[in-house]
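First comes the structure, then the notes that go with it.
These values consider heavy atoms only, across backbone and side chains, with no hydrogens, waters or symmetry-generated copies. So you know, we letter chains A, B, ... as the sequences are listed, proteins then strands, and number each from 1.
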Amino acid sequence: MVAVQKQALIAGTESTLAWVRVFVVATLALSLAAAGVGLDEAPWLWAVVFVAMVYSASNSVLSLYREYRNLFTGRVFLVADLVVITLLVAASGGYSSNLHILYALPLAVVVCQHGGQAGVYYCLAVSVVYPVSTIALTGRTSTAWAPHVALLWALCLLLWYVTYDLDDREERANRRSELSALYRAASAPLQTEDHPALIEWLLSGALNSADICHASLYRYDSEIAHFDMCYSLSCEKRGDSMEMQSVRVLQTDMLYTVLYRNLPAEIVNLHTDRRMKNSVIADRPMRSAILAPVIFPGGDPFGVLCLGRAAPHKSTQHEVKFAQTLAVQAAVALNSATLLEEASNIKAAKEADRLRTELLATVSHELRTPLTAILGFASILNPAEGLPVSPKAHDDAVKEIIQNSERLNKLVGDLLVLSRLQAGALKMDMQWGDVSDMLDDRLEGLQMIAGPREIVLNVPDVLPDVKFDEVRIGQVITNLVENAAKFSPVESEIVIGVARIEGGIVIGVRDEGMGIPSEDHERIFERFVQVETGAYKAGIGTGLGLAICRSIVEEHGGSISVDSVLGEGSVFCFTLPSSTGTHEYV
Amino acid sequence: MSMCRVLVIEDEPSILKFLTQALLLTGFDVVAVTDGEAGLAEIRGETAFDVILLDLMMPVLSGWEVLARMENEGLLDEAPVIVVTASSQETDQRRARAMGAVDCLVKPFTVREMAICVRQVVGTAA
């Protein structure tokens, strides 16, 4: 904005200077003439004065032109042309002069720039001006001008014919590009719900239409009643992503007028339009612009859409209508995106709520199962019931109560660990170390879990150090060995293997059990999922072991998976990266 | 009066054991199965039952599906069904009744509660 102000200031100074120069040169010439200095006495002096005169006069005309550019329209130039040519023709011998051919030049310009209709008007004007001026200037009446005018009409028709096709094609191309911009705007919410991406989609559509070289959207924040952000795209930077910058817009800016009145506005020339003084739009790389308000259905203002052209341009009604339609379409698209986003948020919240309820139901079921056994057996033993309990049934009941109490206790413990792990509240005590040392230390305990099944350690001599929490990874291995023992026949082997892989190590536990159907390979790592197979007796586990394993391994930056063949056995593998990339713990 | 015969369909071994013992101790004859399919086979079989205790949350064939199949095959008239559920939600109990169950036993329960419930159902049926 500062640059524009500076430019305006310089332009102002320049125009004043130009008139001062004219004054100085004129005074010099007059004083020379007054002093009696003739052309013959000092030809060089007069030559210099003449050049200075021409220079300062043309400068002044230029500044005049700059100042009153709005007056210098095509029509003014045309009339000036006609007057000059008519004077030339009349001066060089009237209708017998060959200079009448000069009339063809402005005609060609008119037809090429404004189409055949303007050409017809031009020819009509010449048909009147030519004979009238000839009669007025020479006093002779004759119809000799008729062939000249007829020639001009023929030329006009020829030019019209040539340019008509071009115009038509251009027109159709413009309509096509406008349609595609509107289609893009209409289909925008199907592409994305993200506001900036949507705006970029809309603006790039606008940029492809007609000869628009700059498209921007000024966002209005209803809460603070200010424009706060500008999203813009220019064809100079085609291929670049959309620019997003926060803006400060003065309360006098035209953007507010457009938004508050809910009416489009047109700026024919940004450099001369007084309304553009101190406007943010003047900073943009364009010379003319159409501004259209973007108002949400329901009346909430969203912002102002600005479509700019590289040259000063008087927009047609159609072009303004197009900008308006695009703005309305943009409002609908942005509103839809907002609504879609809200809807998906509600859906996600509902889904989370449903999952929570489902989990609560599962947890309550899992907790009530051992509780039922405890309460049931305890009530059998209750002397108040007076039941004839045999000593064996008595012992059985006590055993069941103890087992189910332990199960309940483990369930509560596992649930707690899992919920803390998933909430990220369980900090890992990460230390650099060798996994094989940890396995050696725990072998005895693992063998006890495996019972009659033999634990085989398959660990290479040299392993890279990894950073891990010994207690938690130990828990993972214990869980996996427990599972392996549960599902494999006695006197089978459970192999714990470690191998080096790129970026870390992999630890696997292989059993010779019944295997897991492939459709359950992913599912078993979820909470409370237990695969039902022939030999499996429900009630052995809590259904949380593998979920805990996955959470612990993922906290270490690794992953866990299973490979299994039904009837042959399963291998559970998890990786530990040699440098934990995801989490760093103290 | 001959002993009432109860069919218990329950997948949790501990609870199955408890139900069996409790029913035996309170004077019932018991047939126990661990899944829905075996339960349906028993109902279709020769043996007549006075009451069926059916767990709702079972893997493979759930109690709901057992109820639905019993209705399809017209087996609901064979014996009154008491559903055993860990869900204290009213909707589940209402749904079970709508599907043909005569009563609900909500876990956890004592031997006395179970016996009263079974006796009531058997008494009503008689």
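Few gaps surround CD on B:E73; more than 12 heavy atoms of other groups in view lie less than 6.0 Å from it. Counting heavy-atom neighbours within 6.0 Å of A:E491 CD, excluding the residue itself, gives a total of 12 or less. Other residues, nucleotides and ligands contribute over 12 non-hydrogen atoms within 6.0 Å of the CD atom of A:E519.
Taking chain B as the reference chain and counting heavy-atom pairs below 4.5 Å, the highest number among A:V389, A:L387, A:L375 is found for A:L375. In terms of non-hydrogen atom pairs under 4.5 Å with chain B, the most contact-rich of A:A378, A:P388, A:S364, A:A373 is A:P388. Ranking B:I15, B:T85, B:L24 against chain A, the residue ahead of the rest is B:I15, based on heavy-atom pairs under 4.5 Å. Contact tally against chain B (heavy-atom pairs below 4.5 Å) for A:N382, A:L367, A:T372: the top residue is A:T372.
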For this session: Give the C-alpha distance, both sets of side-chain angles, the deciding distance and a yes or no for salt bridge (charged side-chain N to carboxylate O under 4.0 Å, His left out) between B:K107 and A:E366.
Result: CA-CA 11 Å; B:K107 292 176 190 175; A:E366 294 296 321; over 6 Å; no
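If you take CG on B:L25 and OG on A:S390, they are separated by 7.5 Å, rounding to the nearest 0.5 Å. The distance from the OG1 atom of A:T369 to the CG atom of B:D55 is 7.5 Å, given to the nearest 0.5 Å. Expressed to the nearest 0.5 Å, how far CG of A:D396 lies from CZ of B:F18 amounts to 14.0 Å.
Between A:I380 and B:Q21, the closest side-chain pair of non-hydrogen atoms falls below 4.5 Å.
With hydrogens and angles disregarded, no donor-acceptor distance shorter than 3.5 Å links the side chain of B:T110 to the backbone of A:G376. The backbone N or O of B:P108 lies less than 3.5 Å from no partner atom in the side chain of A:R368, so there is not a single donor-acceptor pair.
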